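Here is the structure we will look at, set down as structure tokens.
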Amino acid sequence: MTPITEVEGRSLALSNLDKVLYAATGTTKGEVLHYYARTAAPLLAHLADRPVSFLRYPDGPDGQRFFTKNPPPGTPYWVRIADVPRKSADTGRQVVVADLASLMWAANLVVEFHTHQWRAEAPGHADRLVFDLDPGAPAGAVECCAVARWLRGRLGADGLDAYVKTSGAKGLHVLVPLLPAPAAEVSAYARELAVEAEAALPELVVHRMARALRPGKVFVDHSQNAAAKTTAAPYTVRAQREPTVSTPVTWDEIERCDAPGQLVFRLDDLAGRLERYGDLLAPLTERDRAGRLPRPSPGAG
């Protein structure tokens with residue numbers, strides 16, 4: 001019988017808690033849900049007012065995986081739904097994870113949480129910029145850290161503060177809090193910096209997605225700033241071989257990184273990190289920390 005759990009006055013049926021989702025570590029669905037309950041405060045801060053898409057993997061990372069933007073069938077009436085712009089229609093609808101009950105309902109579906117760079121209150125006007133640093137073998141975390149350091153310096157020259165987290169997969173995400181600006185302008189600026197990074201670090205960086213260009217280099221993916229795109233949220237568990245987490249890290253950790261495994265964090269690591277550091281990405285949620293997007297150079301994009 002599926003247990004019914006009361007969460008903030010909402011009744012939730014949390015199913016198959018003993019099911020092993022990650023065979024490599026024996027991690028069960030119940031352990032994943034426990035992680036989300038313990039990490040709810042910082043995760044909810046980064047999901048606040050952001051329509052989410054879900055990468056669902058109900059049978060674990062080795063089973064079927066599929067993206068969904070629309071609210072899943074059976075979404076409770078009390079889960080917030082936001083209207084969002086869509087290319088194929090005037091509007092679409094996506095879930096906004098607004099509270100602990102909604103978080104645990106969604107986590108019970110076994111999902112990665114992916115968010116837009118804009119809030120539901122201002123669709124298409126980004127208040128974050130993101131670079132997804134994706135290494136092509138044999139490049140890895142060490143090379144990503146070198147690129148992240150360059151981006152931090154370049155962003156700083158434009159008066160912007162940069163923060164960093166692991167993707168939870170192979171790479172890193174460099175994030176910048178912004179005063180809201182049209183996503184197209186943010187995308188143009190991000191592309192301009194990706195091109196500059198390739199010019200400055202030609203042996204290390206590629207700004208184009210073509211697979212043939214990427215072996216041994218770091219792809220600086222600027223495309224996730226487009227209004228329609230989403231990026232793995234901070235603190236989400238990833239559908240990888242092991243239950244790795246997209247984890248905020250310090251710039252000191254980036255500076256010291258000299259081996260691939262140094263920046264791999266699993267769900268059991270996060271409680272200790274939060275106790276030690278707090279939420280390293282908290283400035284992304286503080287409006288007074290946001291910088292103004294520079295105007296793209298003439299001809300950029």
Side-chain angles (χ1 to χ4, degrees), residues 22-25 27 55 57 60-62 65 112-114 129-156 162-176 190-191 193-225 229-270 272-273 276-277 280-281:
Y22 294 88
T25 56
T27 304
L55 173 61
Y57 57 111
D62 297 326
R65 299 188 291 179
E112 290 181 0
F113 294 94
H114 291 245
L129 177 150
V130 61
F131 292 102
D132 181 1
L133 307 186
D134 186 6
V142 175
E143 290 76 15
C144 285
C145 288
V147 177
R149 293 194 296 269
W150 186 92
L151 285 169
R152 184 192 189 192
R154 178 61 184 82
L155 290 159
Y163 303 87
V164 64
K165 67 183 179 75
T166 69
S167 69
K170 297 182 296 180
L172 297 174
H173 293 157
V174 176
L175 302 118
V176 177
R191 184 184 187 281
L193 264 60
V195 172
E196 286 187 31
E198 183 174 329
L201 305 170
E203 300 303 315
L204 191 58
V205 171
V206 60
H207 80 277
R208 288 174 289 172
M209 192 176 292
R211 293 275 177 193
L213 301 174
R214 292 167 62 178
K217 296 188 177 183
V218 176
F219 171 41
V220 178
D221 185 357
H222 52 85
S223 70
Q224 293 184 37
N225 295 285
K229 295 290 188 71
T230 58
T231 305
Y235 302 106
T236 190
V237 182
R238 301 302 304 268
Q240 300 292 311
R241 180 176 178 271
E242 297 185 359
T244 52
V245 173
S246 185
T247 304
V249 294
T250 69
W251 283 108
D252 282 345
E253 288 176 301
I254 296 295
E255 292 284 349
R256 294 195 306 267
C257 179
D258 59 8
Q262 286 181 342
L263 297 180
V264 177
F265 302 101
R266 300 165 185 84
L267 55 81
D268 289 341
D269 298 319
L270 268 290
R273 288 186 64 83
R276 179 179 181 183
Y277 297 115
L280 290 167
L281 298 184

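Each residue takes its place number in the sequence, starting with 1. Small disclaimer: the values here were computed from a predicted structure and weren't measured.
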Distance-minimising heavy-atom pair for [X] and [Y]:
X: Thr236; Y: Glu112; result: OG1-CA, 3.5 Å
X: Lys170; Y: Ser167; result: N-OG, 3.5 Å
X: Pro243; Y: Thr27; result: CG-OG1, 3.6 Å
X: Leu55; Y: Ala239; result: CD2-CB, 4.4 Å
X: Val205; Y: Lys217; result: O-CD, 4.0 Å

Is the shortest side-chain heavy-atom distance between [X] and [Y] below 4.5 Å?
X: Leu263; Y: Cys144; result: no
X: Arg149; Y: Ile254; result: yes
X: Thr247; Y: Lys165; result: no
X: His222; Y: Leu193; result: no
X: Asp269; Y: Val245; result: no
X: Tyr22; Y: Leu267; result: no
X: Val220; Y: Leu133; result: yes

TODO: Would you sort out whether Leu280 and Arg273 count as a side-chain contact (heavy atoms from CB on, under 4.5 Å), showing the intermediate values?
DONE: CA-CA 10 Å; Leu280 290 167; Arg273 288 186 64 83; 4.2 Å; yes

